Peer 1: 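Below is the structure I would like to discuss, written out as structure tokens.
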Amino acid sequence: MQYLENLNDRQKEAVLHTTGPLLIVAGAGAGKTKTITHRIAHLIEGGVPSRQILAVTFTNKAAGEMRDRVRSLVPAGQSIPLMTTFHALGVRLLREFHQEAGLVRGFSIWDRDDSLRAVKAEVERLGIQNWAPRAFLSAISREKGDGTSAEEFAAKARTFRERAVAQVWPVYEKALRDEGALDFDDLLFRTLKLLRTSPKTLSLLQNRWTHITIDEYQDTNRAQYEIARLLAGEKRNICVVGDTDQNIYSWRGADIEHLLGFEQNFPGAKVVLLEQNYRSTNTILTAANSVIEKNVRRRPKKLFTEKETGEAIVLYGARNEIDEAWFIASQAAELIAKRTSPGSIAVLYRENFQSRAIEEAMLHLSVPYRVLGTKFFERKEVKDILSYLRAAMNPHNKIDIARVIAVPPRGIGKVTLDKVLAGQDAELPKATQAKVAAFRDTLTRIKHAIETLPTSDAVRYAVEATGMERMYRDRDDGEERLGNIQELINVSTKYDSGLPPEGVEKLLEEAALQSDQDELTEEKAAVSLMTVHASKGLEFDAVFISGLEQGLFPSTREDEKRDPEEDRRLFYVALTRARKRLFLSYAAERMKYGSREYTIPSEFIEDIDQRLLAPLTPPRRSLIDDEPTII
């Protein structure tokens, strides 16, 4: 039990509790992952077979880190438990028990673009002009997250908007069924339905996994909560880890009450608070504590650290968003010049539109950067290859067929496509029939490759058979796009050891379940630009928090489902991403959605003890309007 020696008393207390419900309230930077993984290793050391342990978290990055740490703690050659995300767990169970779930084993997984395209088509067909298709999809997504079916929603629909959603939803579900597909929310909704309607399956899984750990419990929606509760069953060997102060996803269904009410839902639960922070300086923690203590709906705790006091928090009041952007870029350049790695610097903002000015300043000052949110699997050329693979495996998949039937161009237009999707090939002219037949033959050959070749060879064959490689060789941007296609082949090699066609299935699952943070697994010497929401679970040596103005951060956007305390929690999350240096900035005026607005500083700034701040004023103006001179 040597691995217990490097734990503090609270961490050790959590690790040694192995039977019955356990709530670990883990503050930011308090060694949460270390505690979880040591507890799993301790369970295995105590005789619990690894196959009977399940750990679930929210991102592939977090699950991968858990696996690596547990592997380093258990004896060499020892198998490790299943550590996965909620959605990946759903895919696994729905494929294994597809008959009980009423699904085909090879179902496709629609991404948000696929879902949006289907909803948009139905909204246009119904002539609904009051709301954007994205609003309909968000409403459907939230209801599925609450475990509500289309029929149940229609029965309780009262407002005009709810009745409109109730019109669109059943047709959207029919489109999914017709194509043998599930959307992202179905991976949870259909899993919950499976557990509720198949007692035999539930009993089998409860005996398969006798010890369950749920990470980021404060972010669970109703469906995730119910899945965890059902799997725990009467044994109640469930450990949940979370922090009410980091609940920032109520807008997509995360319910803080799941953590606040854990002891009522699991009577006799042990509660352990992890309050010692190993990440940030004392200055940063003092600021964070003073901000979050104003919230009422939380489990009280106070982070502390044995680290140094650290440098003061820099506060910059900019003239406008351009001045602010140049300040951020120049400070980042100075940090890099003093040997701070660009990869350990992050710029955080409340809304995506804020990145434009910051990107321009970074370019002007030659500061390497990347914007988190442009996912590898969403790049056009990569998505086209994935669509070919999905269409080959699932001939009913109209969305993917529509996407790639003209990639590369085959002389097939919209009228032809409509007839193809309607199964009316015979009504086409002979020459056009030949083109469509050639396309279908390509899909058949790709399907054969998927079923017989290692995954990377099947993907390579698809690239060649479709003609995409030839198409990009002759284009100005071809080198970059071919490079991305080659990287897709490289990614697919990790599935070569599996038997066909499971490797391609897993590749398509990885693409569908990728999160923004997965892009950070690539080692790049670049400053990361991202929303505060995307930064959850990450940490950096230096963090810039921009746009600290009333109306922006905190936001004054009206939303009846929005938790009024959430923006304060969001600011707390932003503060606690920083290890050593923290920079706060606001602008006296800002261009927002096409109009210039005068602003006042965020109320959050006033919550920080002024003795912790080092205010800076804008440098003198250059001759060029709106472009400050960096001194």
Side-chain angles (χ1 to χ4, degrees), residues 87 90 94 101-104 107-194 196-197 221-224 226-227 249-255 387 390-391 394-403 414-415 417-424 512 557-562:
H87 289 88
L94 292 174
L103 300 168
V104 294
F107 60 80
S108 301
I109 303 172
W110 279 6
D111 61 21
R112 290 296 183 191
D113 285 345
D114 297 330
S115 295
L116 188 60
R117 197 175 297 116
V119 169
K120 183 179 180 181
E122 183 56 23
V123 168
E124 290 176 350
R125 188 187 71 80
L126 292 171
I128 302 173
Q129 299 177 347
N130 305 67
W131 302 288
R134 194 175 299 276
F136 282 87
L137 184 59
S138 294
I140 293 170
S141 175
R142 189 178 181 100
E143 292 296 329
K144 283 187 176 182
D146 283 341
T148 305
S149 68
E151 295 77 16
E152 290 168 336
F153 179 79
K156 68 177 184 179
R158 295 291 179 269
T159 67
F160 179 79
R161 182 170 184 167
E162 288 172 344
R163 288 194 292 271
V165 172
Q167 275 186 287
V168 173
W169 192 347
V171 187
Y172 170 65
E173 291 297 325
K174 183 177 185 302
L176 284 164
R177 286 196 303 273
D178 289 347
E179 299 202 18
L182 299 180
D183 67 15
F184 199 61
D185 301 296
D186 280 329
L187 301 180
L188 301 178
F189 177 74
R190 296 297 290 268
T191 299
L192 177 56
K193 183 179 179 182
L194 168 68
R196 282 174 168 172
T197 59
N221 61 22
R222 185 70 185 179
Q224 290 160 332
E226 288 291 343
I227 290 169
Y249 295 112
S250 65
W251 48 274
R252 70 181 188 195
D255 191 345
S387 286
R390 288 204 298 258
N394 181 358
H396 302 294
N397 194 330
K398 295 179 181 179
I399 279 188
D400 285 309
I401 289 173
R403 179 182 179 90
K414 187 178 184 307
V415 174
L417 174 61
D418 290 342
K419 289 188 178 296
V420 169
L421 296 180
Q424 300 170 347
R557 188 182 302 172
E558 293 185 7
D559 183 349
E560 61 181 14
K561 296 183 182 292
R562 188 166 168 267

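Just so we're clear, the structure is a prediction, and the values are computed from it rather than from any experiment.
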Peer 1: Is the closest side-chain heavy-atom distance between D186 and F107 below 4.5 Å?
Peer 2: no
Peer 1: Any chance you could measure L94, atom CG, to T191, atom OG1, to the nearest 0.5 Å?
Peer 2: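 Atom-to-atom, L94:CG and T191:OG1 are 3.5 Å apart.
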Peer 1: Check K156 with E143, please: is the shortest side-chain N to carboxylate O separation under 4.0 Å?
Peer 2: yes
Peer 1: Ignoring hydrogens, what is the shortest heavy-atom contact between Q167 and P170? Give both atom names and the distance.
Peer 2: O-CD, 3.5 Å
Peer 1: Looking at every non-hydrogen atom in both residues, tell me the closest pair between I399 and W110 and how far apart they are.
Peer 2: CD1-CZ2, 3.5 Å
Peer 1: Do you know which two heavy atoms are closest between S108 and N397, and how far apart they sit?
Peer 2: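 For S108 and N397, the tightest heavy-atom pair comes out as OG-ND2, 3.2 Å.
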Peer 1: Kindly indicate whether the side chain of S141, heavy atoms from C-beta on, has any atom under 4.5 Å from the side chain of R112.
Peer 2: yes
Peer 1: At their closest point, which heavy atom of A139 faces which heavy atom of V165, and how far apart are they?
Peer 2: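 So the two residues come closest at CB-CG2, 4.1 Å.
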Peer 1: Return yes when atom CZ of R163 has more than 12 non-hydrogen atoms of other residues, nucleotides or ligands closer than 6.0 Å, and no otherwise.
Peer 2: yes
Peer 1: Is the shortest heavy-atom distance from the side chain of N221 to the side chain of R252 under 4.5 Å?
Peer 2: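 In short, these two side chains do not touch, never coming nearer than 4.5 Å.
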Peer 1: State, with a plain yes or no, whether a side-chain heavy atom of F136 is found less than 4.5 Å away from one of K120.
Peer 2: no
Peer 1: Please tell me if the side chains of R222 and R142 come closer than 4.5 Å, counting only heavy atoms from C-beta onward.
Peer 2: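 When only atoms from C-beta onward are counted, R142 and R222 do not touch, as no gap falls below 4.5 Å.
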Peer 1: Given the rule in the salt bridge (charged side-chain N to carboxylate O under 4.0 Å, His left out) test, do D178 and K174 qualify, once you have shown the distances and angles that lead to the verdict?
Peer 2: CA-CA 6 Å; D178 289 347; K174 183 177 185 302; 2.8 Å; yes
Peer 1: Determine whether L421 and I401 make a side-chain contact, defined as any pair of heavy atoms from C-beta on separated by less than 4.5 Å.
Peer 2: yes
Peer 1: Is D114 salt-bridged to K398, cutoff N-O under 4.0 Å?
Peer 2: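 No, this pair does not count.
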Peer 1: Can you tell me how far the CZ atom of R117 sits from the CG atom of D111, to the nearest 0.5 Å?
Peer 2: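 If we round to the nearest 0.5 Å, R117:CZ and D111:CG are 7.5 Å apart.
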Peer 1: Can K144 and E173 be counted as an ion pair, charged N to O under 4.0 angstrom?
Peer 2: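 A salt bridge links K144 with E173.
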Peer 1: If you look at every heavy atom in P133 and V119, which pair is closest and at what distance?
Peer 2: O-CG1, 3.6 Å
Peer 1: Could you go through the side chain to side chain contact (heavy atoms under 4.5 Å, CB included) check for E122 and Y172 one step at a time?
Peer 2: CA-CA 7 Å; E122 183 56 23; Y172 170 65; over 6 Å; no
Peer 1: Rounded to the nearest 0.5 Å, what's the gap from CD1 on I140 to CZ on F189? Could you check?
Peer 2: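 Answer rounded to 0.5 Å: 12.0 Å.
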Peer 1: I need the minimum non-hydrogen distance between A391 and D400, along with the two atoms involved.
Peer 2: CB-CB, 4.1 Å
Peer 1: Please walk me through it: do L192 and L188 pass side chain to side chain contact (heavy atoms under 4.5 Å, CB included)?
Peer 2: CA-CA 6 Å; L192 177 56; L188 301 178; over 6 Å; no
Peer 1: What's the verdict on side chain to side chain donor-acceptor pair (under 3.5 Å) for S115 and D183, showing C-alpha distance, side-chain angles and the deciding distance?
Peer 2: CA-CA 7 Å; S115 295; D183 67 15; 4.5 Å; no
